[in-house]
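Notes follow once the structure below has been shown.
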Amino acid sequence: MDFSKLNINKASSSSTEEKNNVNVVVEEKKLEESINNLQIEERKPVIIIVVGMAGSGKTTFVHRLVCQTQASNKRGYVLNLDPAVTTLPYGANIDIRDTVSYKDVMKQYNLGPNGGILTSLNLFATKFDHVIQLIEKRSHQLDYVIVDTPGQIEIFTWSASGAIITEAFASTFPTVVTYVLDTPRSASPVTFMSNMLYACSILYKTRLPLVLAFNKVDVTQHQFALEWMKDFETFQAAAQTDHSYTSSLAQSLCLALDEFYNNLRSVGVSAVSGAGVDAFFKAIEASADEYMETYKADLDKRRAEKQRLEEERKRDNMEKLRKDMEKTGGETVMLGSGLK
């Protein structure tokens, strides 16, 4: 036997294996790069859900965002979810008023203004999967989807339809909630604390990134609000000028919200002049990155847990049905009405 040939064959075999290993590593790197590129593409578009108290300038702010996206060649898409608004300063790509007639709902169900808005939103939410499908088809053409909500903030943030719409967006796209504040009104410590508590409730209700937009900075600068959020002693000093019960409560709450402020993005904007809008979009992009890194994992975990519980419920029901059939031997069982 020629052992020299055997050694050569072994060497050539090992060389072939090394080449195969190198090819495998290269293919894995290419696959990883393609997955990363796919993830980057999936980040678009970013959903911006704009909520705010009545009179905070929310709809005007949405108009400013639409103008900014057009001026900066950003591809935007606009949804109006307020069925009671008479006129809009911007053109909406999807308008709830084209689907549901607010006045007809009030008349048909004998409702007041708020009940009419809530019922209209509920009816629209039943077909919201069509809206998601429509946006998904155009997702490669869009950068932002701006959602304008009803002026009665509680109708969207605390209703079942608002939760359905928010979760539908968040399960498909990077979603950021923007809470618009009236800066001149928030100059009062009690009003400021009321707004912060509502913002805190929105954050924990939606479990999504939240951006505070202090609107109307062309009238009153928002620096005082930033100082109150950074230094609770400054807020307490301002609140001590008011000796009412609400002021004492606000002073107590400022310590509890200190950790909440640390994880919050705040931007001063003017819907009229456009000041601070660039900084706002930077905050939105940072929040979208945070969504991909943190919130999406939590959302997927909650969705998997919900699916697991649903499967367990189905298994339990099937097990009960199986046991009942074994007891009865498959015979028809007459159910009593319970009446004597």
Side-chain angles (χ1 to χ4, degrees), residues 45-70 76-109 111-132 134-135 144-170 173 175-182 185 195 198-199 201-202 205-206 208 210-213 215-216 269 271-272 280 284:
V46 178
I47 309 295
I48 306 174
I49 300 177
V50 183
V51 298
M53 298 289 184
S56 62
K58 175 177 56 63
T59 300
T60 309
F61 179 63
V62 170
H63 179 221
R64 174 56 59 182
L65 296 182
V66 173
C67 293
Q68 182 69 15
T69 55
Q70 294 174 351
Y77 203 76
V78 188
L79 273 73
N80 172 49
L81 297 181
D82 190 351
V85 66
T86 54
T87 57
L88 289 173
Y90 55 84
N93 299 98
I94 298 178
D95 196 331
I96 188 175
R97 298 176 300 172
D98 297 334
T99 305
V100 182
S101 174
Y102 163 69
K103 292 184 178 179
D104 290 345
V105 168
M106 288 179 60
K107 184 177 180 181
Q108 181 177 351
Y109 295 99
L111 299 170
N114 287 343
I117 295 173
L118 180 59
T119 304
S120 298
L121 200 61
N122 290 341
L123 293 172
F124 189 73
T126 60
K127 302 294 183 181
F128 203 73
D129 57 317
H130 297 294
V131 176
I132 297 296
L134 186 61
I135 297 174
Y144 299 104
V145 176
I146 305 170
V147 183
D148 192 6
T149 57
Q152 288 76 3
I153 184 173
E154 69 281 355
I155 288 178
F156 184 82
T157 55
W158 293 104
S159 66
S161 54
I164 290 171
I165 292 171
T166 303
E167 290 178 5
F169 275 134
F173 307 102
T175 305
V176 181
V177 179
T178 299
Y179 181 45
V180 181
L181 298 93
D182 189 332
R185 290 184 178 274
N195 273 309
Y198 212 104
S201 68
I202 292 173
K205 178 73 166 58
T206 61
L208 292 171
L210 179 68
V211 176
L212 294 184
N215 195 18
K216 306 179 183 179
V269 296
V272 175
F280 170 78
I284 291 295

Looking at Asn80 and Ala92, what are the two nearest heavy atoms and their distance? CB-CB, 4.1 Å
Enter the distance from Tyr77:OH to Ile48:CD1 here, rounded to the nearest 0.5 Å. 15.5 Å
Please tell me if the side chains of Val145 and Phe173 come closer than 4.5 Å, counting only heavy atoms from C-beta onward. no
Considering only heavy atoms from C-beta outward, does the side chain of Tyr90 approach that of Leu65 to under 4.5 Å? no
Heavy-atom closest pair (Leu212 atom, Ala199 atom, distance to 0.1 Å) is CD2-CB, 3.8 Å
Heavy-atom side-chain proximity of Leu88 to Asp95 below 4.5 angstrom: yes
Measuring from atom CG of Asp104 to atom NZ of Lys107, what distance do you get when rounded to the nearest 0.5 angstrom? 7.5 Å
Nearest-0.5 Å distance, CZ of residue Phe128 to OG of residue Ser161: 10.5 Å
Quick one: pull up CG in Leu123 and OH in Tyr109 and give me the separation to the nearest 0.5 Å. 5.5 Å
Contact between Tyr144 and Val176 at the side-chain level, heavy atoms closer than 4.5 Å - yes or no? no
Candidate pair Ile117 and Gln152, rule side-chain contact (heavy atoms from CB on, under 4.5 Å), full reasoning: CA-CA 9 Å; Ile117 295 173; Gln152 288 76 3; 3.5 Å; yes
Would you call Thr59 and Asp82 a side-chain contact if the rule is heavy atoms closer than 4.5 Å? no
Just how far is it from atom CG of Leu79 to atom CG of Asn93, taken to the nearest 0.5 Å? 7.5 Å
Can you name the closest pair of heavy atoms from Asn215 and Ala271 and give their distance? OD1-N, 3.1 Å
Worked verdict on Ile165 versus Thr149 for side-chain contact (heavy atoms from CB on, under 4.5 Å): CA-CA 11 Å; Ile165 292 171; Thr149 57; over 6 Å; no
Is it true that atom NZ of Lys103 has more than 12 heavy atoms of other residues, nucleotides or ligands lying nearer than 6.0 Å? no
Within the 4.5 Å heavy-atom criterion, are Gln68 and Phe280 side-chain neighbours or not? no
Would you mind telling me which of Thr166, Ile49, Leu208, Val177 makes a side-chain contact (heavy atoms from CB on, under 4.5 Å) with Ile202? Val177
Does any pair with a residue in residues 54-66 pass salt bridge (Lys or Arg N to Asp or Glu O under 4.0 Å), and if so which ones, sequence neighbours excluded? Lys58-Asp148
Between Tyr102 and Pro83 the two heavy atoms that sit nearest each other are CB-O, 3.3 Å
What's the separation between atom CD1 in Ile94 and atom NE2 in His130, rounded to the nearest 0.5 Å? 11.5 Å
How close do Ile155 and Asn114 get, heavy atom to heavy atom, and via which atoms? CD1-O, 3.7 Å
Step-by-step side-chain contact (heavy atoms from CB on, under 4.5 Å) determination, Tyr179 to Ser56: CA-CA 10 Å; Tyr179 181 45; Ser56 62; over 6 Å; no
CZ (Arg97) with more than 12 external heavy atoms under 6.0 Å: yes
Answer whether the closest heavy-atom distance between the side chains of Glu154 and Tyr198 falls below 4.5 Å. yes
Pair Asp182, Asn195 - check side-chain contact (heavy atoms from CB on, under 4.5 Å), show working. CA-CA 9 Å; Asp182 189 332; Asn195 273 309; over 6 Å; no
To check you understand the geometry: which heavy-atom pair defines the closest contact between Val100 and Val105, and what is its length? CG1-CG2, 3.7 Å
Would you check if Thr178 and Ile284 make a side-chain contact, meaning some heavy-atom pair closer than 4.5 Å? yes
